[in-house]
Every structure is written in C-alpha cells, then in structure tokens.
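These notes concern the structure reproduced below.
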Amino acid sequence: ITNAVGWPSRFWVHSLPNVKQPFPAQIKIQYGPPLMSVLWFENQSTKTFADMSFSTFFSKQAEKPSGLFGRYIMSTVFDIGNAYLNSLVCEQLSVQAGDYVLDMGCGTGKLIYNLAVLSNDGYFEGVDYSDPMVLRARRKNKKYVKFGKVKILKGDFDKLSYENNFFTKVSSVNTIYFWPKPEFTAQKVSNILKPGGIFIVAFEDIKQLKQRNLNRDIFNFYTAEDVKDLLSKSGFSTDINLVSKSKGKQTFHCVVAKNN
C-alpha cells in the first residue's frame, strides 16, 4: 500500500525465514519516507528493545544498520525511501566516459548499480561501515564487481586511506546527518577529488526531518545554506548550486559543489 508521496504505508513481515529469537514472531511496520517509521511488535515474548526507545533504536539503525533488523528491514527502507533522492543524484552526476565515482555511505549499493548500468566506461566505488549494507551492495553489484567496474569497501570513510586527486565525482545520499566531523569529512572529499571534480550532497529538508521522531543526539539536521557554507569552507568553489525538488509534500535537496 502506498501513500501520496509514493512510500509504502505499511509493510508486514510474517515469520521471516531462518530468523529466530530475539525477533518477535511477527513484525508489522508502518513508515512514510525513509526516516519516519512506527513499529509494533505483535508478540511480546521477548523484550529485546524494551530498554531502548523507538526513536533511539531507529535512529541508530538509520545511522548504521546492524543485525537482523538492519539486514531485513533497513535495507528495504533504504531501497524504497532513498529511491527519489538517488534518481536526483544520478541526474546531477551526469556520469561521463572515464568518470571515477565514489558513493559515501553507499547502503545497499543501488545508486552504484544504477550508475554502472548507465555507463559503458567508468569506475564506481562505494563505501559503507555497516556489515549488512556492504553484503547487500556486493551482491547487488556482483556482476560489475567481478569485472572490476565496481568496488564496494567496508569501512569508515573518515578513517580509510584514499589517493588524492583520484575521483572525478563523489556523492553522499542521506548520510550528512551522521558525519561526526563534518569539516574533516568535507575537506577529505575535496582532497580525493580531482580539481574541478564534483561533490553532491543529497538530503531531506530540515522542516520535514524535525517533524519525525528522531534522536537528535544521533541525527544532525542541516539547512541547505548550512551545507553550502560547510562546502565553501572546505576546499570547494564558492559557486555552489542548490537543486531542490518536491514529491508530494516532501522536499529534497542536492547541493552540487565543484572542487577548487
């Protein structure tokens, strides 16, 4: 069942195959956009999450999906919830022959896959520090990984070593909320981009994020101007473009910055 925005309104998982306790026998999920969910646990034979509020639990899973919930639930939430933003980013990246593209926090690898399908001559790399997401991304891109067109790395972007001036384009979809050191991360992206390379930061409008039950100790909200200011102070040109589009009542932003 979908709502006016296009997100599934309800999703049921009955007796997940090969899933044993601590999962309840049945989980019913209702969610709107990717960061707005309500969970009901309909068989309270266990209280795995009893000591953790829903806001904290879901926010932690959005930051770094883990365990069975990350593998079976968050992967679906991300695939559906990020679809519109992924399409906007794909459009703005406008991949050309010879492009070397990095997707930070690649999740299930769907954006990487879509880019690889569109390009006959390019290299696409994704990085994520969630085990379930890396597993899904590698499976999704198995054919392209085999031929060296795609590479999926497991790790924390801030801590991994990259060659300077290597990538032509870098993207980040719905990850900026979780950057522990935003200035460091943005400067590192500038360092690994070639001069004139493009960095696209995609995120949801702050007004709609504030309406959701999200843990503000985990989520950091940004206005479009906040993101533009961050990039202009981190090695990118001051001529930064903002592309904003709406779907239903939801607004999504892509800040497009060119490296100096």
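Count residues from 1 along the sequence.
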Is there side-chain contact between [X] and [Y], with at least one heavy-atom pair below 4.5 Å?
{"X": "Phe124", "Y": "Asp103", "answer": "no"}
{"X": "Val117", "Y": "Leu115", "answer": "no"}
{"X": "Val189", "Y": "Phe236", "answer": "yes"}
{"X": "Tyr177", "Y": "Thr175", "answer": "no"}

If the threshold is 4.0 Å, N to carboxylate O, is there a salt bridge linking [X] and [Y]?
{"X": "Asp131", "Y": "Lys154", "answer": "yes"}
{"X": "Lys64", "Y": "Asp128", "answer": "no"}
{"X": "Arg212", "Y": "Glu204", "answer": "yes"}
{"X": "Lys245", "Y": "Glu91", "answer": "yes"}
{"X": "Lys60", "Y": "Glu63", "answer": "no"}

Set out, in order, the CA-CA distance, both residues' side-chain angles and the distance that settles side chain to side chain donor-acceptor pair (under 3.5 Å) for Gln96 and Ser94, then state yes or no.
CA-CA 6 Å; Gln96 306 297 316; Ser94 185; 3.1 Å; yes

Reported [atom1]-to-[atom2] distance for the pair [X] and [Y], which is rounded to 0.5 angstrom:
{"X": "Arg138", "Y": "Met133", "atom1": "CZ", "atom2": "CE", "value": "13.0 Å"}
{"X": "Phe184", "Y": "Asp158", "atom1": "CZ", "atom2": "CG", "value": "5.5 Å"}
{"X": "Leu193", "Y": "Thr168", "atom1": "CG", "atom2": "OG1", "value": "8.0 Å"}
{"X": "Leu230", "Y": "Ile176", "atom1": "CG", "atom2": "CD1", "value": "5.5 Å"}
{"X": "Ile206", "Y": "Thr223", "atom1": "CD1", "atom2": "OG1", "value": "6.0 Å"}
{"X": "Ser130", "Y": "Arg136", "atom1": "OG", "atom2": "CZ", "value": "11.0 Å"}

Closest approach of [X] to [Y] (non-hydrogen atoms, all atoms of both residues):
{"X": "Val127", "Y": "Gly155", "value": "CG2-O, 3.5 Å"}
{"X": "Ala224", "Y": "Val255", "value": "O-CG2, 4.3 Å"}
{"X": "Pro132", "Y": "Ser66", "value": "CG-CA, 4.0 Å"}
{"X": "Asn141", "Y": "Gly109", "value": "ND2-O, 3.2 Å"}
{"X": "Ile240", "Y": "Val256", "value": "CG2-O, 3.5 Å"}

Any chain of hydrophobic side-chain contacts (each under 4.5 Å) joining [X] to [Y]?
{"X": "Phe78", "Y": "Leu135", "value": "no"}
{"X": "Leu68", "Y": "Phe54", "value": "yes"}
{"X": "Tyr144", "Y": "Leu118", "value": "no"}

**Asked** Taking the six-membered ring for Trp, is the centroid-to-centroid distance between Phe167 and Tyr100 below 6.0 Å?
**Response**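 No.
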
Practice prompt. Verify the ring-centre separation between Phe69 and Phe57: is it less than 6.0 angstrom?
Written response: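 When the ring centroids of Phe57 and Phe69 are compared, they turn out to be within the sub-6.0 Å range.
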
Determine whether the side chains of [X] and [Y] contain a donor N or O and an acceptor N or O closer than 3.5 Å.
{"X": "Ser53", "Y": "Thr56", "result": "yes"}
{"X": "Asn164", "Y": "Asn191", "result": "no"}
{"X": "Ser237", "Y": "Asn260", "result": "no"}
{"X": "Asp229", "Y": "Ser232", "result": "no"}

Got a sec: does the NZ of Lys258 have more than 12 other heavy atoms crowding it under 6.0 Å?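 No, the 6.0 Å shell around NZ holds no more than 12 heavy atoms from other groups.
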
Note to self: Can you confirm whether Phe221 is buried at CZ, in the sense that more than 12 heavy atoms of other residues, nucleotides or ligands lie under 6.0 Å from that atom?
What the structure shows: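 Yes, because the 6.0 Å sphere around CZ of Phe221 holds more than 12 heavy atoms from other groups.
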
What residues form a side-chain hydrogen bond (donor to acceptor under 3.5 Å, both in side chains) with Thr251, not counting sequence neighbours?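 Thr251: side-chain hydrogen bond (donor to acceptor under 3.5 Å, both in side chains) contacts with Ser246.
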
Tell me, with the steps shown, if Asn259 and Ile198 meet side-chain contact (heavy atoms from CB on, under 4.5 Å). CA-CA 6 Å; Asn259 200 30; Ile198 299 297; over 6 Å; no

Under a 3.5 Å distance rule, please check whether Thr108 uses its side chain to pair with a backbone N or O of Asp79 as donor and acceptor.
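No; judged by distance alone, with no hydrogens or angles, the pair does not exist.
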
With Lys169 as the cation and Phe199 as the aromatic partner, state whether NZ or CZ is under 6.0 Å from the six-membered ring centre and within 45° of the axis.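 Here Lys169 fails the 6.0 Å and 45° test against Phe199.
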
Practice problem: Apply the ring-ring contact (aromatic ring centres under 6.0 Å, His included) test between Phe178 and each candidate in Tyr222, Phe203, Phe219; give the one that qualifies. | Solution: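 Considering Tyr222, Phe203, Phe219, a ring-ring contact (aromatic ring centres under 6.0 Å, His included) with Phe178 is found only for Phe219.
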
- [ ] Look at the rings of Tyr162 and Phe157 and say which category their plane angle falls in: under 30° parallel, 30 to 60° tilted, over 60° perpendicular.
- [x]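 Rings of Tyr162 and Phe157: tilted, as their planes differ by 30° to 60°.
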
